[in-house]
Amino acid sequence: MKRVYLDHNATTPMRPQVRAHFEEALEEANGNPSSVHASGRAARARLDSARERVAAALGVDEDEILFTSGGTESDNLAVLGTLRGAPGAGMVTSAIEHSAVLEAGVAAEREGHPLTRVRVDSQGRVDPEELLAAVRERAPALVSLMAANNEVGSLGPLAELGLGLRALGKLRPVFHTDAVQALGRAPLELRAWGLDLASFSAHKLGGPLGVGVLYKRKGLKLLALQYGGGQELGLRPGTENVAALSAAALAIELAQREHAQHIPRMRALCSSFWEQVQRVLPQAAVNGPDPSAQDRLCNTLNLSLPGIDGRVLVARLDLEGLEVSAGSACASGSLEASHVLLAMGRANEDARAGVRISFGWNSTSEDVHGAVDILRRTFSSSR
Ligand code: PLP
């Protein structure tokens with residue numbers, strides 16, 4: 001049985017060029033970049049080059065790039081690192097953020113930083129005016145809005161929000177985005193949109209697991225969450241995982257260089273999948289923006305099939321050879337309904353029915369046909 005993997009928002013396989021680069025870096029850079037001897041200097045050179053390449057790919061400066069262990073750590077550092085430096089001030093965010101932002105916000109709330117979650121519409125979209133109204137009313141220290149939602153594929157109105165925040169002048173809060181699912185898959189302009197902080201994760205773009213990036217605008221003050229040596233501007237101490245960081249830099253460069261081809265290709269696979277699903281399973285419904293909309297994440301579709309719990313369906317599809325997920329990967333295994341679908345106004349039962357299909361760099365039209373066929377067979381035999 002040929003298995004079909006359509007869970008690229010959970011993680012996407014490492015790209016062959018990145019794997020080759022990773023192996024070469026493991027061979028060549030074994031030292032500790034803080035050591036002064038030749039091995040240390042070789043590791044330092046690789047690390048410096050990785051930082052330069054990430055900065056160039058994101059259109060920012062090298063001293064604005066911090067390496068972390070992943071999207072979760074980048075989000076936690078952005079949220080807690082900002083709020084802990086602003087006693088009593090809170091965060092305004094959306095109700096559909098990843099738990100790496102929301103749970104950090106809840107932890108900060110326990111420390112006295114009020115948390116405001118702005119609602120979304122039935123397609124998972126945030127109204128920038130509503131967000132700005134909450135900012136004017138609450139005067140938070142931080143606004144955090146995800147660039148692209150990992151479960152339903154809606155995009156955050158970052159450009160509009162950036163403009164509105166700029167108009168607040170001195171009262172403007174720090175502006176963070178979780179861009180983990182957006183890089184290479186949706187427009188992203190760190191400088192033009194006035195972002196102060198942005199989180200990324202290499203394993204969502206064909207890089208290694210366990211590597212993240214936090215963009216931090218020059219001059220922005222952040223408090224460290226970890227203590228140790230002075231690595232990463234003292235904000236993320238610990239000996240750097242040089243080979244993985246070097247490979248991650250290549251994955252980020254490739255994602256940025258190829259997004260103009262990648263986005264229409266993903267869009268075409270998604271549209272073709274949805275057209276075929278509608279033909280064989282007309283009862284299927286989309287959760288999130290319309291699949292034909294241009295202002296949505298190009299690779300992500302969230303579907304509900306009436307009468308079947310998403311988790312049960314995912315397990316049955318897995319037995320038949322199709323790998324997808326119910327809600328976000330981090331939430332799978334828990335019995336709770338998706339907080340994203342609940343925030344979009346779905347009833348509890350409907351919010352449990354969502355199945356996420358996400359395409360990636362190695363997805364093909366054969367995968368689309370195979371997935372539709374498995375979905376049709378599995379759904380028919382589940383009735
Ligand atoms: N933010 C979003 C939007 C995500 O989708 C994920 C992972 O699914 C994360 C953050 C966490 O990233 P990581 O797995 O690198 O910790």
Side-chain angles (χ1 to χ4, degrees), residues 5-14 18 54 66-81 91 93-107 117 120 124-126 144-156 158 176-186 188 195 197-215 225-226 236 241 244-245 247-249 251-252 255 266 288 296-302 314 323-334 338-341 343 354 356-360:
Y5 182 84
L6 294 182
D7 200 12
H8 292 262
N9 284 11
T11 195
T12 194
M14 210 185 292
V18 174
V54 171
L66 299 175
F67 288 123
T68 67
S69 66
T72 301
E73 189 187 337
S74 295
D75 282 344
N76 276 226
L77 182 54
V79 172
L80 292 167
M91 167 165 81
T93 187
S94 84
I96 59 166
E97 297 297 309
H98 190 272
S99 50
V101 166
L102 283 179
E103 291 303 319
V106 169
R117 301 177 186 84
V120 295
R125 291 197 163 107
V126 179
S144 181
L145 182 67
M146 69 199 319
N149 182 267
N150 46 305
E151 291 191 37
V152 299
S154 51
L155 301 182
L158 294 178
H176 168 248
T177 189
D178 173 335
V180 164
Q181 297 290 352
L183 192 63
R185 300 177 183 166
L188 186 67
L195 283 151
L197 293 162
S199 308
F200 304 96
S201 174
H203 74 99
K204 311 288 185 183
L205 346 128
L209 289 148
V211 181
V213 168
L214 180 66
Y215 157 72
L225 308 184
Q226 287 162 261
R236 207 287 176 168
N241 186 357
L245 294 178
I252 291 171
M266 292 299 103
R296 76 184 321 284
L297 200 54
C298 57
N299 75 322
T300 308
L301 260 193
N302 191 306
V314 165
E323 297 184 346
V324 295
S325 71
S328 75
C330 315
S332 60
S334 87
S338 151
H339 74 284
V340 175
L341 298 186
R356 178 184 71 185
I357 291 102
S358 49
F359 294 88

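All ligand and atom numbering here is 1-based and tracks the order in the structure.
Ligand-side atoms of ligand 1 in range of S201: 13 (P), 15 (O), range being under 4.0 angstrom from any heavy atom. The atoms of ligand 1 that sit less than 4.0 Å from any heavy atom of T72 are 11 (C), 12 (O), 13 (P), 16 (O). Per-residue contacts place G70 under 4.0 angstrom from the following atoms of ligand 1 (heavy atoms of the residue considered): 15 (O). Of all the atoms in ligand 1, the ones that sit under 4.0 Å from a non-hydrogen atom of M146 are 3 (C). Taking a cut-off of under 4.0 Å to the non-hydrogen atoms of D75, the atoms of ligand 1 that pass are 1 (N), 10 (C).
Two residues are said to be in side-chain contact when any heavy atoms from C-beta on lie closer than 4.5 Å; N150 and V180 fail this criterion. Side-chain contact between L341 and V152: present, with at least one pair of heavy atoms (C-beta onward) separated by less than 4.5 Å. Side-chain contact between H339 and E151 is present, with at least one heavy-atom pair separated by less than 4.5 Å. Contact check for Q181 versus H8: no side-chain heavy atoms found under the 4.5 Å cut-off.
Nearest to atom 1 (N) of ligand 1 by heavy atom, out of T68, T177, D178, is D178.
Considering OG of S154 and CD1 of I96, their distance stands at 4.0 Å, rounded to 0.5 Å.
Under the 4.0 angstrom criterion for non-hydrogen atoms, K204 is in contact with ligand 1. The closest approach between any non-hydrogen atom of H203 and ligand 1 is below 4.0 Å.
For ligand 1, the polar-atom distance check finds no N/O of A10 at less than 3.5 Å from any of the ligand's N/O atoms.
When each of D178, T68, D75, T72 is paired with S199, the side chain to side chain donor-acceptor pair (under 3.5 Å) condition holds for D75 and for no other.
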Stepwise salt bridge (charged side-chain N to carboxylate O under 4.0 Å, His left out) test for E73 and R236: CA-CA 10 Å; E73 189 187 337; R236 207 287 176 168; 2.7 Å; yes
